[in-house]
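Take a look at the structure set out below.
The first residue of the sequence shown is numbered 1, and numbering continues consecutively from there.
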Amino acid sequence: MVVEGDGSGVCIRAEHLIAQRAFILKRERLDPAITTLPGGFVIRRRGNGQVIADSRAYADGDDIRHVDRGATARTGKLHIRTFHDERDKVTFLLADFRPSMLWGMRRAFRSVAAAENLARLGWQATEAGGRVGLMAITAEETVIVPIRGRVSGMLAVIGGLVRAHDIALDAAPGGLSDPPLSRALAGLSRIVPRGAAVVIASGLDSRGADFGAVAGACAQHRDLRFLIVEDSTLRDLPPGRYPITRPDGSRMGANFGGPRDAPPASGPDLGAFTTLRIDAGMPVSNDVLALAG
């Protein structure tokens, strides 16, 4: 399989994800949001609020003034308090850039389609006055962007998506296998506050034997939603390892085709969650905004 063209379907470009904001702004002009307060003006609150929402492990860029001394003393690891007010809304995005996502038969890799759709969701959240954060998983490392608001917060998320996808592509020629998706889900409770909406963009390959139990535990205090990224041509493709030539001439391999992982033997199946299936071969649609928290 050869991916041709300018590489827009293989690599994630920041300017392309930033451009997703235009679709949200156009949608808002056609259907402007009205607050419940008198006057009909959209009010965007600034700052972090004063109510302690949760305590989580420290991540690069966090304000050291918000150190949770109690949690830090108990765990031996630096923890940060997060704050919100009663109207605060958090949307946390999880992008799956494991090797099984690094292929596509038509318009774009599944990983690229995942990033595009998550970017549109993230812009919708920030334009509504909410905050966004990111976890992007690869076969080698996980990139985490702390939860923040405003345009600067979404730009940080986009930077994380670009950086993580570059890491994933660089590691792809090594033939690494997918780490279990459940491992990433298990880490969400340490960095995502209770009550947040969590949108997971993945093909759901290599879920892990404990996927159902881990997803169920995470969903007890968070609104877990799945954006399932597929490629319709996969149904007609024999299973095997296929070569891919990237725009720069380098080659990589991808294993796909054939039966998918069986559903988890225990715990809730995807029927318990809000889900949306998209085709990586199709352009990004505002249909994805139905997953908004």
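- Side chains of Arg98 and Ile137 form a contact here, defined as non-hydrogen atoms less than 4.5 Å apart.
- Using a distance-only test at 3.5 Å, with no hydrogens or angles considered, a donor-acceptor pair links the side chain of Asp178 to the main chain of Ser100.
- Within the 3.5 Å criterion, the main-chain N or O of Leu17 finds a donor-acceptor partner in the side chain of Trp123.
- To the nearest 0.5 angstrom, Arg81 atom CZ is 14.5 Å from Arg65 atom CZ.
- Every residue two or more places apart in sequence or in another chain was checked for a side-chain contact (heavy atoms from CB on, under 4.5 Å) with Arg190, and none qualifies.
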Derivation and outcome, side-chain contact (heavy atoms from CB on, under 4.5 Å), residues Ile80 and Val67:
CA-CA 4 Å; Ile80 295 290; Val67 167; 4.1 Å; yes
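- Side-chain atoms of Ile158 and Leu134, non-hydrogen and from C-beta on, never get closer than 4.5 Å to each other.
- Comment: Glu127 engages Arg21 in a salt bridge, judged by a side-chain N to carboxylate O separation of less than 4.0 angstrom.
- Taking all atoms of both residues into account, the shortest heavy-atom contact from Pro180 to Gly208 is CB-CA, 4.0 Å.
- Ring planes of Phe226 and Phe211: tilted class, angle from 30 to 60°.
- Remark: side-chain polar atoms of Asp68 are paired, donor with acceptor, to backbone N or O of Ala71 under 3.5 angstrom.
- The distance from the CD atom of Gln20 to the CD atom of Glu116 is 6.0 Å, given to the nearest 0.5 Å.
- Cation-pi geometry between Arg120 and Phe23 is met: under 6.0 angstrom from the ring centre, within 45 degrees of the axis.
- One distance of note links OG1 of Thr126 with CG of Leu121; it measures 11.0 Å at 0.5 Å rounding.
- Separating the CG atom in Leu181 from the OG atom in Ser202 is a distance of 5.0 Å, to the nearest 0.5 Å.
- When every heavy atom of Ile278 is checked against every heavy atom of Ala113, the shortest pair comes out as CD1-O, 4.4 Å.
- No side-chain heavy atom of Leu118 sits under 4.5 Å from any side-chain heavy atom of Val157.
- Using a 4.5 Å heavy-atom cutoff, the side chains of Ile167 and Glu141 are in contact.
- Scanning both residues, Gly203 and Asp96, for their nearest heavy atoms gives N-OD2, 4.3 Å.
- Contact record, Leu102 with Ala168: CD1-O, 3.6 Å, taken as the closest heavy-atom pair.
- Linking Ile, Leu, Val, Met, Phe, Trp and Tyr residues whenever their side-chain heavy atoms come within less than 4.5 Å leaves Val143 and Ile147 in two separate clusters.
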Under the side-chain contact (heavy atoms from CB on, under 4.5 Å) rule, what do Val132 and Arg148 come out as? Steps first, then yes or no, please.
CA-CA 6 Å; Val132 293; Arg148 298 173 188 155; over 6 Å; no
Dump the intermediate steps for side-chain contact (heavy atoms from CB on, under 4.5 Å) on Phe92 and Leu188, then the final yes or no.
CA-CA 9 Å; Phe92 195 85; Leu188 287 177; 3.7 Å; yes
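- Side chains of Val198 and Leu93 form no contact here, defined as non-hydrogen atoms less than 4.5 Å apart.
- Scanning both residues, Met101 and Val229, for their nearest heavy atoms gives CE-CB, 4.1 Å.
- Distance alone, capped at 3.5 Å, places no donor-acceptor pair between the His221 side chain and the Ala219 backbone.
- When all heavy atoms of Pro179 and Thr138 are compared, the pair lying nearest together is CG-O, 3.9 Å.
- In this structure, OG1 on Thr72 lies 5.0 Å from CG on Leu78, to the nearest 0.5 angstrom.
- Arg107 places a side-chain N or O within donor-acceptor distance of the main-chain N or O of Met282, the cut-off being under 3.5 Å.
- Using a cutoff of 4.0 Å between basic side-chain nitrogens and carboxylate oxygens, Asp205 and Arg110 are scored as salt-bridged.
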Which is it for Val112 and His165 under the side-chain contact (heavy atoms from CB on, under 4.5 Å) test, yes or no, and what are the steps along the way?
CA-CA 8 Å; Val112 173; His165 200 260; 4.0 Å; yes
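- Between Asp223 and Arg225 there is a salt bridge, since at least one side-chain N of the basic residue sits less than 4.0 Å from a carboxylate O of the acidic one.
- To the nearest 0.5 Å, atom CD1 of residue Ile12 and atom CG of residue Asp166 are 8.0 Å apart.
- Using a 4.5 Å heavy-atom threshold, the side chains of Asp279 and Glu230 count as separate.
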